[in-house]
*Asks:* 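Structure incoming, see below.
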Amino acid sequence: MTHAPAAARVLLASALSVTALLTTASCLAGDRDVPRALPAGVPEEPPASPSAAASPAARPSPGAQTLNEEQLRAALLTEADLGEPWVAGRGAATWRDGMLKARTENADCHRLLDSLYTEELFGPPSGPSATATLDDASTDSQLRYQLAAHPPADVDRVLSWMGTLPEKCERFEATAAGAGGLLVEVAELPLPEAGDARTGLRLTMTGKASGGAPARLTVTVAAVRVGEETITLTNGGLGTVLPEVTQAMTQLGADRLTEIGRQERLRV
């Protein structure tokens, strides 16, 4: 009897987890009349707009409130939402200092790298916040999921700026203390129609990791505004990083945050 290579088993496990998550997100979306998250390569009808700006109809209704820290913690996604091989975070990923802590001369591109490294895409929160970190035990990828209160107008400005980066920072060079010269590429990451406004990016950094071995870091980023709260999700690693995980977590997270906000409005 022969056995599948380890890499094949990893991809199979990841694919099964993503399939289960997409099914869950799809069911939640159906219950709330929210467009479903689709696997990569399957177009939505009508196609999702790449623009991050919120339409007037999508703006939060009058009287929207900021959730407290306990409510935000209740809205966090956990390893139970993703299933195996995801587990609770086991510390900062080595590639953060080794490759992501990098500099470049282009101001917009440097701002992006710095925001990802400091984990403050929208700056310090203006109110309560909650964070969860999850690790893919099979590939050492790490996913960070943050909920925080930020002024909606400020969030929309950042989302619009992010939408310009696939053109401004499509391909540039950066330097990291632990990796030397890096080639960085930035592309749009399509997201489901989650929340009130959203932008997704996919960043790849090619160079050498600590020790001089060739390395390729992939980081997917999803930023979503849901009323007065903001979701910031990064999923990165030196191995396989499935965009479907980021897309499905974005939909599921926005739905959960919306539901908790709805329950709070009913309560008051």
*Asks:* Looking only at non-hydrogen atoms, find the nearest pair between Leu67 and Pro128 and report the distance.
*Replies:* O-CG, 3.4 Å

*Asks:* Dump the intermediate steps for side-chain contact (heavy atoms from CB on, under 4.5 Å) on Glu185 and Arg202, then the final yes or no.
*Replies:* CA-CA 8 Å; Glu185 297 174 276; Arg202 180 178 184 271; over 6 Å; no

*Asks:* Measure across Asn106 and Lys168 and return the closest heavy-atom pair with its distance rounded to 0.1 Å.
*Replies:* ND2-O, 4.3 Å

*Asks:* Under the side chain to side chain donor-acceptor pair (under 3.5 Å) rule, collect the residues that match up with Glu170, sequence neighbours excluded.
*Replies:* none

*Asks:* Measure across Pro166 and Ala187 and return the closest heavy-atom pair with its distance rounded to 0.1 Å.
*Replies:* CG-C, 4.0 Å

*Asks:* Closest approach of Leu257 and Ala75, non-hydrogen atoms and distance?
*Replies:* CD1-CB, 3.9 Å

*Asks:* Tell me, please, which residues at least two apart from Thr206 pass side chain to side chain donor-acceptor pair (under 3.5 Å).
*Replies:* Arg216

*Asks:* Supply the atom-to-atom distance Leu143 CG to Thr133 OG1, rounded to the nearest 0.5 angstrom.
*Replies:* 8.5 Å

*Asks:* Under the rule for side chain to side chain donor-acceptor pair (under 3.5 Å), what residues qualify as partners of Arg103, not counting sequence neighbours?
*Replies:* none

*Asks:* Let me know which of Leu112, Asp108, Leu201, Val186 forms a side-chain contact (heavy atoms from CB on, under 4.5 Å) with Met162.
*Replies:* Leu201

*Asks:* Taking side-chain contact (heavy atoms from CB on, under 4.5 Å) as the criterion, tell me which of Ile260, Asp255, Leu147, Ile231 meets it with Val226.
*Replies:* Ile231

*Asks:* Mind checking what makes side chain to side chain donor-acceptor pair (under 3.5 Å) contact with Glu120, not counting sequence neighbours?
*Replies:* none

*Asks:* May I have all residue pairs that pass ring-ring contact (aromatic ring centres under 6.0 Å, His included) and include part of residues 108-152, sequence neighbours excluded?
*Replies:* Phe122-His150

*Asks:* May I ask you to check whether Gln247 and Gln251 show a side-chain donor-acceptor distance below 3.5 Å?
*Replies:* no

*Asks:* For a quick test of reading the model, state the closest non-hydrogen atom pair linking Pro85 to Asp136 and the distance between them.
*Replies:* CG-OD1, 3.1 Å

*Asks:* With no hydrogens and no angle check, just 3.5 Å: does a side-chain donor-acceptor pair link Trp95 and Asp140?
*Replies:* no

*Asks:* Would Leu189 and Val221 satisfy side-chain contact (heavy atoms from CB on, under 4.5 Å), going step by step from the backbone distance to the final call?
*Replies:* CA-CA 8 Å; Leu189 176 70; Val221 186; over 6 Å; no

*Asks:* Sequence neighbours left out, what pairs pass disulfide bond (SG atoms under 2.5 Å apart) with at least one residue falling in residues 73-122?
*Replies:* Cys109-Cys169

*Asks:* Counting N and O atoms only, with roles assigned by atom type, does the side chain of Thr104 sit under 3.5 Å from a partner on the main chain of Glu173, one being a donor and the other an acceptor?
*Replies:* yes

*Asks:* Carefully, step by step, assess Met249 and Asn235 under the rule side-chain contact (heavy atoms from CB on, under 4.5 Å).
*Replies:* CA-CA 10 Å; Met249 287 284 273; Asn235 180 22; over 6 Å; no

*Asks:* Identify the heavy atoms of Gln142 and Asp135 that sit nearest to each other, and give their distance.
*Replies:* NE2-OD1, 2.9 Å

*Asks:* Within the side chain of Thr199, is there an N or O that forms a donor-acceptor pair under 3.5 Å with the backbone of Ala223?
*Replies:* no

*Asks:* Hey, is the main chain of Gly227 close enough, under 3.5 Å, to the side chain of Asp196 for a donor-acceptor pair?
*Replies:* yes

*Asks:* Once rounded to the nearest 0.5 Å, what's the spacing between atom CG of Leu203 and atom CG of Leu165?
*Replies:* 9.5 Å

*Asks:* Within a radius of less than 6.0 Å around CD of Glu119, do more than 12 heavy atoms belonging to other residues, nucleotides or ligands occur?
*Replies:* yes

*Asks:* Test Val158 against Val155 for side-chain contact (heavy atoms from CB on, under 4.5 Å), laying out the working first.
*Replies:* CA-CA 5 Å; Val158 173; Val155 172; 5.8 Å; no

*Asks:* Hydrophobic cluster membership, with links at side-chain heavy-atom distances under 4.5 Å among I/L/V/M/F/W/Y: are Leu82 and Val241 in one?
*Replies:* no

*Asks:* Main chain of Arg256, side chain of Glu259: is a donor-acceptor contact present, judged purely on distance under 3.5 Å?
*Replies:* no

*Asks:* Is there side-chain contact between Leu238 and Thr139, with heavy atoms separated by less than 4.5 Å?
*Replies:* no

